[in-house]
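Heavy-atom basis, side chains included; hydrogens, waters and symmetry copies ignored.
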Amino acid sequence: MPLNLFSMIILIMRKDIILVIFMGGFNMKKTALERDFKKIKSQFNQIQEIAKHTKGNALWEHEAAVRKKLNALKELQRENFPDFKNVYDKYLNLLEHISIRIIQDYNKKNNTNFKFENIIKGKRPSYLRSGIISVLITDHIPTFISSEFDRVFPANPKDEYLGARKIKRKIYLHLGETNTGKTYNAMERLKESAKGVYLSPLRILALENFEKLNKEGVKCNLATGEEEIKIEGARHVSCTIEKLNMNEEYEVGIIDEIQMIKDDQRGIAWTRALLGLRSKEIHVCGALNTKELLLKIIEDCGDEYEFKEYTRDIPLVVEDKVFAYKDIQEGDALVTFSKKKVLEIASHYSQLGIKASLIYGDLPPEVRREQYRQFISKENIILITTDAIGMGVNLPIKRIIFMEIKKFDGNEIRYLNSQEVKQIAGRAGRKGIYDVGYVASYRETQDFIGENLEAEDIVIEKAVLGPSEEILKISNLSLREKLALWSTKEEKIPFYRKMDVNEYLIILDNIVSYKLDQGTQWRLLKIPFDVSNDFMMKAFLKYADELFIAKRESLSKPECLFNALYELEIYYQKINLYYSFSKVFNLNFDEEWVYENRGEVSNKISEILEIMYRR
């Protein structure tokens with residue numbers, strides 16, 4: 001039947017609506033990218049000023065930070081923002097200025113006379129990727145040493161794991177939104193198996209699943225960097241992913257939070273597990289933006305796979321109204337991105353007589369669990385937390401409230417990305433308790449939250465690789481030089497990239513005076529502790545003194561002189577360092593004391609939080 005004028009107008013209006021929706025999505029993405037560009041532009045003067053007043057021996061951190069800014073700008077180049085070239089050139093000039101000072105410091109220490117221009121000649125891509133010292137070392141190493149790397153490290157990372165290559169593996173991909181049962185379904189399969197392993201991103205999740213399995217009659221061991229618990233007759237293990245035993249075979253394996261495969265430091269553990277886990281059946285859980293990468297790796301390994309996408313059953317509603325402190329409700333979780341802010345907000349509500357559970361990164365797992373318990377039981381009616389809430393923990397949260405939209409990521413203060421917003425917001429709503437999840441925000445940031453919830457996540461294109469112990473087989477170079485050289489060598493397979501080795505280099509710089517063999521240096525690199533914390537670095541070097549200078553057969557136990565919150569948190573970390581250092585070097589140590597004191601410290605921290613923030 002021919003269309004009349006009215007129906008044609010309706011069709012045109014519908015097209016207009018489609019166009020508006022399309023343009024709206026485009027504009028949201030454009031706005032977010034423009035905001036990123038303006039942020040990088042506005043930071044230049046501050047970064048330049050800090051670099052100007054930094055000593056030569058500490059400049060490499062700033063060089064790495066500026067290189068990251070240049071990489072971020074490169075990704076924005078196609079947007080043709082006004083002033084883009086000027087901003088990019090300013091960062092490039094700053095990078096070169098920093099690199100020249102680094103070379104001057106290197107020449108002074110090593111009685112050499114290298115020139116910046118000569119070093120980067122024909123090597124600019126490597127320079128922008130890895131930094132001036134890495135290019136210097138690479139460019140002045142004989143060809144036969146470079147060929148040693150090719151001999152020791154296979155061209156394709158999958159070939160480092162020959163044991164896994166001999167097994168006919170099937171990978172089950174559970175990918176999708178937060179709080180949708182991905183890990184639950186995988187764990188149900190593990191329970192049915194004769195021998196299984198759950199690989200956790202966090203100690204608290206490894207502990208939680210260890211206890212859950214044993215409570216349900218599935219005997220399971222626990223292995224983390226801080227403790228090992230063996231249950232008689234257990235054939236399953238729940239462990240942090242770094243503790244995976246690569247020589248053990250399993251019937252079922254679970255790799256949780258696979259999106260961590262892109263993390264500059266820890267991503268190596270997820271790549272290693274995906275490539276090397278010896279199990280016929282592997283369940284991989286995490287975000288959907290890893291799918292393309294995972295399929296490339298799986299197909300390259302010759303493994304079979306099945307894919308299931310998970311979406312929320314519970315709707316997520318973004319509130320239009322700006323959140324105010326007086327609007328607090330039972331079941332709210334207020335999210336901020338620093339311990340200081342968590343405690344400030346807690347203090348405010350404490351004065352109003354509102355009890356809150358508190359979660360932030362420095363809290364021991366035992367304290368976190370108690371805080372979770374009090375929120376679940378409604379002893380505390382609200383939760384105040386950092387983004388530690390975003391990973392793995394399912395709680396009865398009615399509403400997520402973003403108190404901030406920026407976080408410090410270890411290198412800089414930046415806006416949250418869409419994946420982070422979705423992962424945190426996705427904690428709102430709990431089937432059977434809150435059948436709608438609500439998301440609110442503070443200080444007129446609803447549009448930012450809404451945009452990022454609707455935005456398509458940036459696809460994770462590369463898995464992070466780390467050097468294996470095979471690096472010790474290469475001779476005629478220090479371990480520091482080998483790591484620097486390894487980091488500059490381009491991967492032949494396009495969906496892998498090198499880890500950031502800066503933390504390794506910091507440790508090696510701090511232990512150079514001990515003149516240790518490289519095997520011992522390598523073992524020291526594997527001791528987990530917060531390298532950026534001066535107190536922990538001093539504790540680490542104190543143990544190095546005791547072991548390598550005083551030649552002690554056991555380490556001194558750490559002490560805590562003050563029962564203040566920060567001192568207790570550091571003391572807990574020192575107990576863990578005492579444990580890990582002793583385990584790595586097979587030293588005699590008081591394991592019973594470790595567990596007792598962890599418990600005592602956790603109780604004291606809980607008491608302080610109770611007194612200060614739950615009046």
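Between Tyr442 and Phe323, the ring planes are perpendicular. Angles over 60° get that label, and only those under 30° would be called parallel. Between Tyr543 and Tyr578, the ring planes lie tilted relative to each other; the angle falls in the 30° to 60° range.
Panel note: side chain Asn45, backbone Ser42; no donor-acceptor pair is recorded below 3.5 Å. Not a single donor-acceptor pair under 3.5 Å links the side chain of Thr385 to the backbone N or O of Val335. For the pair Gln371 (side chain) and Leu358 (backbone), a donor-acceptor distance under 3.5 Å is present. Side-chain N or O atoms of Ser606 include none that pairs as donor or acceptor with a backbone N or O of Val367 at under 3.5 Å. Between the side chain of Lys422 and the backbone N or O of Ala455 there is at least one donor-acceptor pair closer than 3.5 Å. Distance alone, capped at 3.5 Å, is enough to place a donor-acceptor pair between the His236 side chain and the Leu190 backbone. With Asn214 contributing its side chain and Cys220 its backbone, the two residues share a donor-acceptor pair below 3.5 Å. Remark: the backbone N or O of Asn417 is paired with a side-chain donor or acceptor of Glu420 at under 3.5 angstrom. Proximity of a side-chain donor or acceptor of Asp263 to a complementary backbone N or O of Met260 within less than 3.5 Å is not detected. Of the possible polar contacts, none joining the Gln374 side chain to the Glu379 backbone as a donor-acceptor pair under 3.5 Å is found.
A salt bridge does not link Glu607 with Lys604: none of the charged nitrogens is closer than 4.0 Å to a carboxylate oxygen. Salt-bridge annotation for Lys291 and Glu309: absent, with no side-chain N of the basic residue lying under 4.0 Å from a carboxylate O of the acidic one. Under 4.0 Å is where a charged nitrogen must lie from a carboxylate oxygen, and between Lys583 and Glu227 no such pair does. By the 4.0 Å N-to-carboxylate-O rule, Arg266 lies too far from Glu257 to be salt-bridged with it. Salt bridge annotation for Glu344-Lys341: present, with a cationic side-chain nitrogen under 4.0 angstrom from a carboxylate oxygen. Residues Lys574 and Glu559 are not paired through a salt bridge, judged by the lack of any N-O separation under 4.0 Å between the basic side chain and the carboxylate.
Residues Trp270 and Val464 form no side-chain contact, since every pair of their non-hydrogen atoms from C-beta on lies 4.5 Å or further apart. Within the 4.5 Å cutoff, the side chain of Asp362 has heavy atoms near those of the Gln573 side chain. Side chains of Lys406 and Arg414 form no contact here, defined as non-hydrogen atoms less than 4.5 Å apart. Looking at heavy atoms from C-beta onward, Asn289 lies out of side-chain contact with Ile458 at the 4.5 angstrom threshold. Residues Tyr572 and Leu363 are not in side-chain contact: their nearest non-hydrogen atoms beyond the backbone lie 4.5 Å or more apart.
Within 6.0 Å of the CZ atom in Phe535, the count of heavy atoms belonging to other residues, nucleotides or ligands does not exceed 12. Around the NZ atom of Lys526, the shell of radius 6.0 Å holds more than 12 heavy atoms that belong to other residues, nucleotides or ligands. The environment of Arg443 atom CZ is sparse: at most 12 non-hydrogen atoms of other residues, nucleotides or ligands sit within 6.0 angstrom. Taking a 6.0 Å sphere around CD of Glu188, one finds it holds more than 12 heavy atoms contributed by other residues, nucleotides or ligands. Residue Glu456 qualifies as open at atom CD: its count of foreign heavy atoms under 6.0 Å is 12 or below. Counting non-hydrogen atoms of neighbouring residues, nucleotides and ligands closer than 6.0 angstrom, the NZ atom of Lys557 exceeds 12 such neighbours. Residue Ile433 places its CD1 atom among more than 12 non-hydrogen atoms of other residues, nucleotides or ligands, all under 6.0 Å distant. More than 12 heavy atoms of other residues, nucleotides or ligands lie within 6.0 Å of CZ in Phe408, so this atom counts as buried by the packing criterion.
Cation-pi geometry between Lys41 and Phe44 is not met at under 6.0 angstrom from the ring centre and within 45 degrees of the axis. Annotation: cation-pi pair Arg598/Tyr579 present, NZ/CZ under 6.0 Å from the ring centroid and within 45° of its normal.
When only modelled atom types and interatomic distance are considered, Ser200 and Asp256 share no side-chain donor-acceptor pair under 3.5 Å. Side-chain contact annotation: Glu569 with Tyr360, donor-acceptor N/O pair under 3.5 Å present. A side-chain N or O of Glu404 and one of Thr336 form a donor-acceptor pair less than 3.5 Å apart. Between the side chains of Gln329 and Tyr438, no donor-acceptor pair of N or O atoms lies under 3.5 Å. For the 3.5 Å distance criterion, the side chains of Asn185 and Tyr310 qualify, holding a donor opposite an acceptor. Side-chain atoms of Lys542 and Ser556 include a donor-acceptor pair closer than 3.5 Å.
In this structure, Phe210 has its ring center no closer than 6.0 Å to that of Tyr198. Aromatic rings of Phe402 and Phe448 (six-membered ring for Trp) have centroids beyond the 6.0 Å cut-off, not under it.
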Legend entry - Worked check of salt bridge (charged side-chain N to carboxylate O under 4.0 Å, His left out) between Lys52 and Glu49: CA-CA 5 Å; Lys52 189 190 298 183; Glu49 194 65 21; 3.6 Å; yes

Inset, instruction - Go through Tyr571 and Asn597 one step at a time and tell me if the side-chain hydrogen bond (donor to acceptor under 3.5 Å, both in side chains) criterion holds. - result: CA-CA 10 Å; Tyr571 179 49; Asn597 275 264; 3.2 Å; yes

Inset, instruction - Please test Lys68 against Asp264 for salt bridge (charged side-chain N to carboxylate O under 4.0 Å, His left out), starting from the C-alpha separation and ending with a verdict. - result: CA-CA 12 Å; Lys68 285 186 177 180; Asp264 283 344; 3.5 Å; yes

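Taking all atoms of both residues into account, the shortest heavy-atom contact from Ile254 to Met187 is CD1-SD, 3.4 Å. Smallest separation of non-hydrogen atoms from Gly225 and Lys243: N-CG, 4.0 Å.
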